[in-house]
Amino acid sequence: MKRLSYRQRLRISRLTRTRTFEHQRRKAIRKERLRVLDSPAFAAQSKLTRIALVAPRRFSLYHLRSRRRVLRFLDRLRQCAAAGMRVRIDFGDVSSLEPCGTLLLVAEISRLLGSPQLRARISCSYPRNHVVEQLFQHIGLLERLGCSPRKVIEHRAVKHWTYHTGTIVDMTGMAELKRRLEQELGDLLAFDLCSGIQEAVTNAVHHAYIEPRGDGIEVKDEGWWLFAQHVDGEVHIAICDVGVGIRRSLPRSGVWPVRVIEAVLRSLGASADLDAKYIKAALELGETRTGEDNRGKGLPEMLQLVRNARYGSLRIHSNKGMLSYFGAQGVEKILDYPDSMMGTLIQWTFDAKKLVPAQATENV
Amino acid sequence: MIKIASAFSEFPAGRYRADGPYSGQAFREDVLIPALKSSHGTLHVSLDGTLGLGSSFLEEAFGGLVRAGFRASELHARMVISCRLKSYEARAWQYIDEAAKTAHQ
């Protein structure tokens, strides 16, 4: 190891002190801004007309700490947009994007920008991480927020993300997605997965926006958003809506009588009043009972395709609840997080290298 | 023979017409029912070549035939449904039979 001269050591020490001081100064400013935003007086009397919100480093809904940061950030974004402020999102520190968290970010921003009531003015800074910038450019997020594209999309992790969105059940733009899924997963599982995607989109259109979400923001287009990522044999598909969630839509959908839903909830046991129980109830009802006009089969079919593949996983987030099913072990996990994502997100994950050739008897 | 991918769409999805351009209701009303009424022999319906078939589409297209007035026994006698994935064939018939049970046929 090279020995540093006295002058070099002095320089390094001075730089470290400056950077530490600068870092602490920025942290203190952020903390003060957040304290102002959290104060009850803010909403009523704020004279701030513009604000910079720092996006969290990691966009994930699965990991507790990341989820809390993402949801707090989105909550503040909604507050500031509803207060009529010009918001600048600082994406500088963003370094990790998972399909679930990223999809929710895109969906919420689209919702705010599309609200006729708010006429939200949201802009952003370019991310410092070049892969993150490529991804945001690839899915059109930077352009929506006023940043012109400046990167060539070449990173292998970015090229294989596809993004779809809509307000009706229209799959005409997904032929290329199906072709890629067939390459990675085989045509049988790809067909099942596309059927599951159709059902998730249909559920979003039918049930997610059954009533206003209750955050005071009027929405013009009630949409769904989809990400698909396939790289190194791993396939992730995530579909999101920013509606009322399964807990509120299930009793109001008209598919099942309320007494039937209550009976299933009672049979699931657990004294806690969990959003995750409603996800489980929706699955149980679809598997074991016939709904009005034979509806309600969509969620169980999404689960069944993971069971058939005998590998992969399904995760359903709805408001605070999450239900995960792991195909290899046949294990199901349900839990409630402390905070609500305000919508529903369904995510499949498959490792193509570990899939058992499925449905060998299908063509007999 | 009706091949859904060529006679209707490669992208069938959704239940009602209001859901989207290629819904189960549109397939039933615009393709299936006219074909059943005009054909006197067996009607062969092929589900292959599509970008997946969700339960909402299948149930509305086939279960909806019973709600539209066709008897399940008549459909079993007059219609053949084929799909490379046999589970989807079975589902279409299951929806017809469940719709018949609900309609007390």
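If you're wondering where the values come from, they're calculated on a predicted model, not measured in any experiment. Chain naming here is simple, since letters A, B, ... match the order of the sequence lines and numbering starts at 1 in each. Quick note: numbers below take in every heavy atom, side chains included, and nothing from hydrogens, waters or symmetry partners.
Partners of A:Tyr278 by ring-ring contact (aromatic ring centres under 6.0 Å, His included), not counting sequence neighbours: none found.
Looking at B:Thr50, the atoms closer than 4.5 Å to chain A (heavy atoms on both sides) sit in the backbone and in the side chain alike. If you measure heavy-atom distances from A:Ala175 to chain B, the contacts under 4.5 Å come from both the backbone and the side chain. If you measure heavy-atom distances from A:Thr202 to chain B, the contacts under 4.5 Å come from the side chain alone. Within the 4.5 angstrom heavy-atom criterion, only side-chain atoms of A:Asp187, from C-beta onward, approach chain B.
Counted by atom type alone, B:Ser55 and A:Glu199 present one or more donor-acceptor pairs between their side chains at under 3.5 Å. Residues A:Ser195 and B:Tyr88 have side chains that bring a donor and an acceptor to within less than 3.5 angstrom of each other.
Proximity to chain B at a heavy-atom threshold of 4.5 Å picks out nothing from residues 239-250 of chain A.
For the residue pair B:Leu53 and A:Gln198, the shortest heavy atom distance occurs at N-NE2, 3.8 Å. Residue A:Phe191 comes nearest to B:Leu85 through the heavy atom pair CD2-CD1, 3.2 Å, listed as atom of the first residue, atom of the second, then distance. For A:Ile168 against B:Asp19, the heavy-atom pair with the smallest separation is CB-O, 3.0 Å. Contact detail for B:Ala13 and A:Met171: the closest heavy-atom pair is CB-CG, 3.5 Å.
Put simply, NZ on A:Lys178 and CZ on B:Phe11 are 9.0 Å apart, with the number rounded to the nearest 0.5 Å. For the atom pair B:Arg15 CZ and A:Asn203 CG, the distance stands at 10.0 Å (nearest 0.5 Å). The line from CG of B:Leu51 to CE of A:Met174 is 7.5 Å long, rounded to the nearest 0.5 Å.
Heavy-atom pairs under 4.5 Å with chain A were tallied for B:Ala18, B:Pro12, B:Ser56, B:Ser23; the largest tally goes to B:Ser56.
Residues B:Arg84 and A:Leu188 have side chains in contact (heavy-atom distance under 4.5 Å, counting atoms from C-beta outward).
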